[in-house]
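The structure under discussion appears below in the form of structure tokens.
To find a chain, count down the sequence lines: A is the first, B the second, and so on, and within it residues start at 1. Model, not experiment: these values are computed from the prediction. Just so it is clear, the values below take in all heavy atoms, side chains as well, and ignore hydrogens, waters and symmetry mates.
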Protein chains: 2
Amino acid sequence: MAAYTPSALKAELNERGWRMTPQRETMLKTFQNLPEGTHLSAEDLCELLSQEGEPISLSTIYRNLKLMARMGILRELELAEGQKRYEINQPAPHHHHHLICVRCNKTIEFKNDSVLKAGAKTADRSGYHILDCQLLIHGICPSCQRSIVPI
Amino acid sequence: MAAYTPSALKAELNERGWRMTPQRETMLKTFQNLPEGTHLSAEDLCELLSQEGEPISLSTIYRNLKLMARMGILRELELAEGQKRYEINQPAPHHHHHLICVRCNKTIEFKNDSVLKAGAKTADRSGYHILDCQLLIHGICPSCQRSIVPI
DNA sequence: TGCTTATTGAGAATGACTCCGAAGACTGGT
DNA sequence: ACCAGTCTTCGGAGTCATTCTCAATAAGCA
Ligand SMILES: [Mn+2]
Ligand SMILES: [Mn+2]
Ligand SMILES: [Zn+2]
Ligand SMILES: [Zn+2]
């Protein structure tokens with residue numbers, strides 16, 4: 001299960017008539033080097049890259065996040081309210097799912113291979129080429145259950 | 001597995017210091033009477049209610065969709081791009097999941113009780129009070145695989 | 001019935017995301 | 001190595017789903 005390389009990305013892009021760019025390589029490497037459990041928004045990534053001295057314009061970031069998600073390289077998550085977040089799309093055994101508190105947005109990652117297998121089987125039965133399989137559980141975390149504050 | 005009644009909603013609201021309103025009752029009944037597989041956006045619901053002669057303002061609809069989702073009555077789905085969609089949150093055996101084509105947004109609903117059970121177990125282990133459990137599979141549908149158009 | 005305060009409705013405001021057009025830079029072929 | 005073709009980037013303008021504001025309304029409760 002070797003990491004996805006820049007040249008593999010280039011090959012896949014060229015195959016479809018698209019092009020490899022320094023921005024795309026930077027984005028790929030950045031996501032690959034992120035600690036586990038990091039979920040970046042477009043804005044987050046833009047700031048991170050600026051801090052690291054490799055700035056990429058926000059519109060390019062948006063364009064390539066979408067592209068890489070549709071290629072199955074990144075997964076697009078709707079965790080907190082209001083903005084999409086992205087992480088590298090790892091195959092099993094690194095593949096995982098998310099449990100989110102709807103009040104405080106506390107997020108727990110968990111693995112479950114049988115869910116992944118069930119998803120793959122379902123996609124296959126319908127002839128879909130699978131890109132991502134994510135189990136999303138919304139709930140109320142223990143501390144929010146104790147808090148008096150409603151909603 | 002009787003349907004959730006308006007008076008049950010009222011009880012649950014009052015318990016938290018909130019109020020039952022005609023608008024909330026209308027929204028509940030509308031979702032309950034929708035054919036299976038219907039996923040409404042806020043705008044969709046607003047238009048539907050207007051057509052049926054029971055108009056509710058768009059801001060009230062947004063407010064109550066969010067409220068009812070956080071109560072676990074509705075489930076909030078991010079299916080197509082750009083807007084959230086809602087459906088009634090049914091327990092097993094009506095509970096289901098979604099398989100979506102990232103190119104044409106064709107959506108297939110499917111049931112899988114073992115996934116639901118796995119989700120419930122995970123939430124429980126972390127002490128979360130579960131509100132919704134949805135397996136989201138993104139892929140490319142058979143007809144989009146055949147089409148020449150990229151992305 | 002009357003008081004308190006949650007809720008509604010209409011419009012304004014917000015902000016995540018997309019679009020646009022000119023300048024720049026990959027790719028494949030010579 | 002160079003060139004033509006066109007894909008991509010950048011920055012700013014534009015879009016639109018969603019949230020906010022606040023005066024008017026109406027649940028819930030004693
Ligand atoms: Mn994650
Ligand atoms: Mn559905
Ligand atoms: Zn919480
Ligand atoms: Zn499709």
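Using a distance-only test at 3.5 Å, with no hydrogens or angles considered, no donor-acceptor pair links the side chain of B:Gln134 to the main chain of B:Leu77.
In terms of polar N and O atoms assigned as donor or acceptor, the side chain of A:Arg19 comes within less than 3.5 Å of the base of D:dT6 in a complementary pairing. Applying the 3.5 Å distance criterion, the base of C:dA10 shares no donor-acceptor pair with the side chain of B:Ser57. Side-chain N/O atoms of B:Arg63 and base N/O atoms of C:dG9 include a donor-acceptor pair closer than 3.5 Å.
Between B:Arg85 and B:Glu76, no side-chain nitrogen of the basic residue sits less than 4.0 Å from a carboxylate oxygen of the acidic one, so the salt-bridge criterion is not met. Ion pair A:Glu78/B:Lys84 flagged as a salt bridge, since at least one NZ, NE, NH1 or NH2 atom sits closer than 4.0 Å to an Asp/Glu carboxylate oxygen.
Each of A:Tyr62 and B:Ser59 lies near DNA chain C, and the nucleotide nearest B:Ser59 is the one positioned closer to the 5' end. Sequence order on DNA chain D of the closest nucleotides to B:Asn14 and B:Gln83 puts B:Gln83 first from the 5' end. If you find the closest nucleotide of DNA chain D to B:Pro22 and to B:Ser41, the one lying nearer the 5' end belongs to B:Ser41.
Rounded to an integer number of Å, the gap from A:Arg85 CZ to C:dA16 P is 10 Å. Rounded to a whole Å, the CZ atom of A:Arg16 is 15 Å from the C1' atom of D:dC7. Between A:Asn64 atom CG and C:dC17 atom C1' there is a gap of 15 Å when expressed in whole angstrom units. B:Leu67 has its CG atom 11 Å from the C1' atom of C:dT7, to the nearest Å. In this structure, A:Lys66 places its NZ atom 11 Å from P of C:dC19, rounding to the nearest Å. For the pair A:Glu12 CD and C:dT27 C1', the computed distance is 18 Å after rounding to whole Å. Distance CE (B:Met20) to P (C:dT8): 11 Å, rounded to an integer number of Å. Per the geometry, OH belonging to B:Tyr86 stands 11 Å off C1' belonging to D:dA17, to the nearest Å.
Note: A:His39 NE2 to A:His98 NE2 = 3.0 Å, rounded to the nearest 0.5 Å.
Between D:dA17, C:dT8, C:dG9, one nucleotide has an atom nearer to the side chain of B:Glu43 than all others, and that is D:dA17. Distances were taken from every side-chain heavy atom of B:Gln23 (C-beta onward) to each of D:dT18, D:dT9, C:dT8; the shortest belongs to C:dT8.
Heavy-atom minimum distance, B:Leu135 versus A:Cys133: CD1-SG, 3.7 Å.
Here B:Thr21 lies in heavy-atom contact (under 4.0 Å) with sugar-phosphate atoms only. A:Leu58 comes within 4.0 angstrom of nothing in the nucleic acid, heavy atoms only.
Considering only side-chain N and O atoms, B:Lys10 lies nowhere under 4.0 angstrom from the phosphate OP1 or OP2 of D:dA27.
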